[in-house]
Amino acid sequence: MAEDLYSALGVSRSADQKEIRRAYREKARKFHPDVNKTPGAEETFKRISEAHDVLSDPETRSQYDRFGENFRQYAAADAARSSEQPRGSGGTRYTWSGGGAQSVNWEDLFGGGFGGFGRGADHNAELEITVEEAYRGGRRTVQVASPYGGAQEYTIDIPAGAVDGQRLRIAGAGGAGADGQDGDLLVTLRVKDSKRYRLSGADIETDLPISPWEAALGADVRVPTPGGPVTVHVPPGSSTGRRLRLRGQGMPRRGQPGDLYARVKVVVPRTLSKKEKELFEQLRDESSFDARRGS
């Protein structure tokens with residue numbers, strides 16, 4: 001019968017996460033096979049590593065406390081009943097980088113060389129945000145799936161004017177370090193276009209629906225922007241596809257903010273009243289404009 005995981009680490013069943021991590025570091029230093037060459041040291045090291053992997057995660061620890069050594073079979077059964085993995089806010093999936101419980105990269109775990117027992121490995125995740133979220137910034141609570149099952153929840157502070165590919169660091173949220181310095185969680189932001197806004201570098205583009213008479217005669221119309229509505233002048237004779245530039249209304253940037261481009265989209269009524277129909281027929285009869293020839 002395998003040794004109880006709590007006993008492997010030398011902690012009580014009521015031990016908190018700090019006690020578990022401290023015990024793991026102490027025993028990892030003592031039994032690492034690159035340091036301890038005595039028979040059985042490597043097996044002991046594998047067992048305490050397994051104990052740390054299981055007990056440092058609240059969900060797997062709960063499963064172990066309930067089912068004992070066979071808890072993974074129950075976890076697998078749960079996974080078979082549901083194909084969904086832990087997801088972050090907004091339906092985005094987050095995954096850790098790094099080896100699994102049975103395949104540990106010791107150099108990553110202890111950092112560049114075993115002699116100094118360095119910091120823990122960094123973990124990576126991705127977070128999808130909208131153009132509006134990137135513009136305003138703010139906080140997002142996300143769940144990151146661990147390689148051992150379960151998930152850990154973190155609060156991410158998104159800076160205003162965030163860009164696609166920007167990496168945010170959560171210190172100490174990565175792999176456990178044997179010398180007391182844990183790795184970090186690196187979150188890469190992925191800015192996703194929304195139904196209203198499209199992002200190109202620091203510039204934002206949005207569609208601006210206008211009526212046929214506004215397009216022909218010109219008009220001052222309100223345009224929604226991530227920072228609030230602004231008024232833009234539509235010049236007379238504007239056709240669909242024309243871009244109107246609003247300086248400084250794009251993404252916030254130090255020194256020079258981006259611009260917002262409102263792309264004109266002429267929209268015609270789906271139904272016409274009797275009077276409207278008569279006026280359009282009158283315009284048709286009076287106008288010499290040929291849309292196919294552009295004159």
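The chain is numbered in sequence order, starting from 1.
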Taking all heavy atoms of P235 and all of L244, pick out the closest pair and write down the distance. CD-CD2, 3.9 Å
Is there a donor-acceptor pair under 3.5 Å between the side chain of D259 and the backbone N or O of G250? no
Name all residues meeting the side chain to side chain contact (heavy atoms under 4.5 Å, CB included) criterion together with S7; count only those two or more places apart in sequence or in a different chain, and write none if there are none. E3, D4
Would you indicate whether R247, at its atom CZ, is surrounded by more than 12 heavy atoms from other residues, nucleotides or ligands within a distance under 6.0 Å? no
Shortest non-hydrogen contact between P229 and R222, atoms and distance: CG-NH2, 3.6 Å
Quick check against the 3.5 Å criterion: does E278 have a side-chain atom that pairs as donor or acceptor with the backbone of S273? no
How would you list, by chain and number, every residue that makes a side chain to side chain contact (heavy atoms under 4.5 Å, CB included) with K192, sequence neighbours excluded? E128
Salt bridge (Lys or Arg N to Asp or Glu O under 4.0 Å) with E42: which residues, sequence neighbours excluded? K46
With clusters defined by side-chain heavy atoms of hydrophobic residues (ILVMFWY) lying less than 4.5 Å apart, directly or transitively, does V11 cluster with Y64? yes
Which residue is it: D193, D207, D164, D203? I am looking for the one with a salt bridge (charged side-chain N to carboxylate O under 4.0 Å, His left out) to R198. D207
Would you call R47 and E50 a salt bridge, using N to O less than 4.0 angstrom? yes
Check this for me: does any side-chain nitrogen of one of E132 and R196 sit under 4.0 Å from a carboxylate oxygen of the other? no
Step through the shown structure and confirm whether more than 12 heavy atoms of other residues, nucleotides or ligands are within 6.0 Å of NZ on K18. no
Taking S62 for its side chain and P58 for its backbone only, find out whether a donor-acceptor pair lies under 3.5 Å. no
If you group Ile, Leu, Val, Met, Phe, Trp and Tyr by side-chain heavy-atom gaps below 4.5 Å, do L208 and L246 land in one group? yes
Expected output: side-chain E19 to main-chain D16 donor-acceptor under 3.5 Å: yes
